[in-house]
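Structure first, then comments.
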Amino acid sequence: MDHKPVCFVGGLPSVSIRRWDLGGDAYGRAVVEQTCALDAQYGRRGGALCRPCRMVRPPRVEMADASTARSASAAAVNMDAEFAALKALQNGSDMRGVAVKLAAEHEVNLTLERCAALGYAFVVQLARIKGKAPAELSVSIGRDSRITGDSIALAVASGALQAGVGKVLDVGLATTPAMFMSTITEGFMVDGAMMLTASHLPPERNGIKYFTAQGGASKAMISELVETAFDLISGQGPSLASSWESLDQARVQRSVDFLSVYADILVEKIRAGVNDADQYDKPLRDFHVIVDAGNGAGGFFATKVLQKLGADTSGSQYLEPDGTFPNHVPNPEDPDAMHATVRATLDNRADLGIVFDTDVDRSAVVAGHTGEEINRNKLIGLLSAIVLRETPGATIVTDSVTSLGLKKFIEARGGKHFRYKRGYKNVIDKALELNAQGVNTPLAIETSGHGAMNENYMLDDGAYLAVKILIEMVRLYRETGNKRAMGELLAEMEQPADEKEFRIKFKEEAKAHFSDHQKTILAAFETFCSNLDGWTAEAENYEGYRFTVAQADGDVGWVLLRSSLHDPLLAMNVESSMVNGCTEILDALKPFFEQFRKELDLSVLSI
């Protein structure tokens with residue numbers, strides 16, 4: 001297996017490392033070969049540290065006897081297993097894994113050693129991207145409320161410092177959008193930021209998201225980090241610090257309250273957006289807004305944003321950071337989270353309820369006085385209405401599972417609906433691409449609540465979405481004198497009478513080749529559905545296969561079957577304007593799925 005970490009020193013060839021080369025004989029001669037243009041320059045061979053790129057180099061090893069060669073072979077297997085373990089942590093454009101064993105079935109794979117290597121690797125990558133020496137770089141590290149946040153922050157800081165980074169800012173409790181903002185905010189403007197979070201996943205999980213001033217890391221950048229971290233671990237990986245105090249204090253700045261700086265940015269956005277002539281500083285003084293932070297990092301929005309603007313926040317709940325998430329999952333898509341926010345909004349007769357996910361890159365709201373849940377398609381509809389009033393004729397990019405009613409709602413307001421793929425990064429990247437082509441695309445949003453706006457760096461920021469909604473709430477109240485006007489706006493949007501989502505898993509014996517099975521099944525799905533009366537393939541579709549279904553008495557449904565982004569399963573969404581219409585669609589599909597009973601667990605479909 002070849003692994004090629006990038007040597008970031010400008011103009012010099014990259015490092016090339018070939019791990020154990022056993023030749024044609026399994027117990028033959030094992031050799032670790034290394035080449036680097038910097039070796040000749042610095043005369044550093046045999047396990048020394050290459051000063052410019054700071055890559056740890058294991059020594060050249062030549063082994064002739066069979067027993068030593070067997071050890072080398074075992075080491076090669078271990079190295080392959082380590083590379084696979086690191087690669088398994090990659091979750092598209094970030095890293096995620098199990099960070100602590102809270103139950104017997106948990107196997108920790110996001111170890112502190114790997115976190116330290118990933119912190120080191122990020123500095124290597126930053127130095128190449130920025131064209132700077134490590135000592136000229138600064139990085140910020142933030143975390144949500146997860147129970148492993150402190151220990152992982154120390155580990156990644158250890159790795160970054162051993163890579164030679166000039167400054168580490170430990171900002172403590174933060175949100176994912178805030179960490180991006182630390183790269184562009186005057187007085188901070190770090191070269192790179194690391195956010196420790198696993199979004200809404202259970203307490204044993206954690207992860208790392210990476211940012212520069214150009215935005216979040218791409219999938220390719222994460223793959224490169226994995227490669228570099230692997231080469232560190234397979235050599236003499238960075239050591240772990242025992243405490244923050246044991247680090248080089250000249251290069252570490254702790255207790256940096258950047259969350260308050262970020263909150264002040266949001267406060268000023270609302271003040272400017274409302275532009276209250278009477279009380280500019282307190283534009284929300286006539287409003288009661290509650291926040292449900294789910295014990296994640298979002299509690300600051302009540303205390304540092306809403307209260308500063310004069311809002312009554314009584315009845316807000318679960319604002320205290322608690323990584324065990326004792327009340328409900330912090331997730332705007334989770335029914336328990338939404339029901340808890342509805343209950344708090346109605347019980348306190350609030351004008352609006354806001355619910356955040358753990359790291360506040362997603363949000364949803366609850367309409368005051370009615371308790372209507374505004375998430376998924378409704379949230380996209382509300383934000384689309386705001387955007388299209390400000391930017392007539394604009395294009396709205398969404399993921400693939402949005403409703404027919406949403407499309408009609410956007411088009412009725414003169415907008416264009418570009419339905420793309422699942423995955424917030426896919427949606428945002430498509431909006432960036434369209435904007436670069438001259439297509440005005442101010443909003444990219446997924447049904448999960450990940451929403452990014454062109455006016456806000458195309459950053460998926462749940463708090464910023466809440467800011468836009470608060471400004472609109474005040475505007476509509478001024479215009480109509482009705483605090484229910486925002487909820488009534490969505491009355492014009494057709495809602496499905498029936499909708500279902502299924503995650504159809506592959507059986508254990510089919511998982512080894514699930515990718516091939518996915519392709520076979522999807523191709524067969526297209527053929528099967530194309531032959532059903534009243535079923536029409538969507539002309540514009542970028543993921544899986546989506547069919548519109550003509551039903552009785554003018555009702556319409558649709559079905560989308562697609563591959564999962566990360567897991568060995570197929571995801572299927574079904575929607576209908578007819579009560580129990582999804583059942584009719586599923587009945588038509590039963591003969592199709594029966595063909596794949598050997599590969600698929602069909603219990604979720606009751607087949």
Side-chain angles (χ1 to χ4, degrees), residues 3-8 15 53-56 79 81-100 108-130 134 137-144 146 148-165 168-171 174 176 179-180 183 190-199 201 205-212 216-241 247 252 359:
H3 301 287
K4 298 180 180 178
V6 176
C7 176
F8 55 72
V15 180
C53 74
R54 305 288 294 178
M55 284 297 264
V56 178
M79 286 298 95
E82 177 60 31
F83 183 75
L86 272 168
K87 194 66 182 172
L89 293 173
Q90 182 172 358
N91 178 58
S93 56
D94 59 40
M95 303 292 286
R96 287 186 190 176
V98 176
V100 63
V108 175
N109 57 358
L110 187 67
T111 63
L112 295 180
E113 290 77 12
R114 288 169 184 159
C115 290
L118 288 165
Y120 193 124
F122 186 48
V123 174
V124 171
Q125 188 176 75
L126 278 177
R128 177 182 59 76
I129 292 170
K130 299 284 185 177
L137 296 170
S138 60
V139 298
S140 58
I141 301 169
R143 49 199 176 276
D144 64 19
R146 290 179 176 277
T148 53
D150 287 345
S151 57
I152 292 178
L154 178 58
V156 296
S158 298
L161 289 165
Q162 288 171 75
V165 74
V168 170
L169 273 65
D170 171 33
V171 307
T176 291
M179 294 313 295
F180 165 75
T183 70
V190 295
D191 294 288
M194 288 179 274
M195 175 64 184
L196 311 181
T197 181
S199 187
L201 294 180
R205 303 271 174 168
N206 214 328
I208 311 175
K209 293 183 178 180
Y210 302 88
F211 295 94
T212 66
S218 66
K219 185 176 181 180
M221 290 170 68
I222 298 299
S223 295
E224 181 185 295
L225 282 176
V226 168
E227 293 274 355
T228 306
F230 169 77
D231 282 300
L232 288 164
I233 291 172
S234 59
Q236 175 197 325
S239 59
L240 291 171
L247 299 176
V252 176
D359 60 327

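Starting from 1, each residue takes its place in the sequence as its number.
- Counting only distance, with no hydrogens or angles, the side chain of Ser199 and the backbone of Leu201 share no donor-acceptor pair below 3.5 Å.
- A donor-acceptor pair under 3.5 Å is absent between the side-chain atoms of Glu113 and the main chain of Ile233, judged by distance alone.
- Between Leu112 and Ser151, the shortest heavy-atom contact is CD2-O, 3.7 Å.
- Within the 4.5 Å cutoff, no side-chain heavy atoms of Val139 are placed close to those of Val190.
- One finds a salt bridge joining Asp170 and Arg143 here, because a Lys/Arg side-chain nitrogen approaches an Asp/Glu carboxylate oxygen to under 4.0 Å.
- The backbone N or O of Ser158 lies less than 3.5 Å from a partner atom in the side chain of Gln162, making a donor-acceptor pair.
- Residue-environment remark: NZ (Lys219) stays at or below the threshold of 12 foreign heavy atoms within 6.0 Å.
- Judged by distance alone, the side chains of Ser223 and Gln90 do bring a donor and an acceptor atom under 3.5 Å apart.
- For the atom pair Asn91 CG and Arg205 CZ, the distance stands at 10.0 Å (nearest 0.5 Å).
- Counting heavy atoms from C-beta outward, Arg146 and Leu196 have side chains that stay 4.5 Å or more apart.
- The SG atom of Cys115 sits 10.0 Å away from atom CE of Met194, with the distance rounded to the nearest 0.5 Å.
- Remark: Phe180 pairs with Tyr457 by the ring pair (Phe, Tyr, Trp, His ring centres under 6.0 Å) rule, at least two apart or across chains.
- Counting heavy atoms from C-beta on, the side chains of Met95 and Leu118 come closer than 4.5 Å.
- Between Thr176 and Phe211 there is a side-chain heavy-atom pair separated by less than 4.5 Å.
- Heavy-atom minimum distance, Ala99 versus Ile152: CB-CD1, 4.0 Å.
- The shortest non-hydrogen separation linking Arg114 to Leu86 is CG-CD2, 4.0 Å.
- Separation of atoms CG (Asn206) and OG1 (Thr148) is listed at 3.5 Å; rounding is to 0.5 Å.
- Here the side chains of Leu89 and Arg96 are not in contact, with every heavy-atom distance at 4.5 Å or above.
- Taking the six-membered ring for Trp and thresholds of 30 and 60 degrees, Tyr210 and Phe122 have ring planes inclined between 30 and 60 degrees apart.
- Interatomic distance, OG of Ser140 versus CE of Met195, reported as 10.5 Å (0.5 Å rounding).
- To the nearest 0.5 Å, the span separating CG on Leu247 from CG on Leu154 amounts to 5.5 Å.
- Distance check, rounded to the nearest 0.5 Å: CG of Leu225 to CD1 of Ile208 gives 9.0 Å.
- Among all heavy-atom pairs drawn from Leu126 and Asp191, the shortest one is CD2-O, 3.5 Å.
- Here the closest heavy-atom approach between residue Gly142 and residue Met179 is recorded as N-CE, 3.3 Å.
- Residues Pro134 and Ala163 share a closest heavy-atom pair of CB-O, 3.4 Å.
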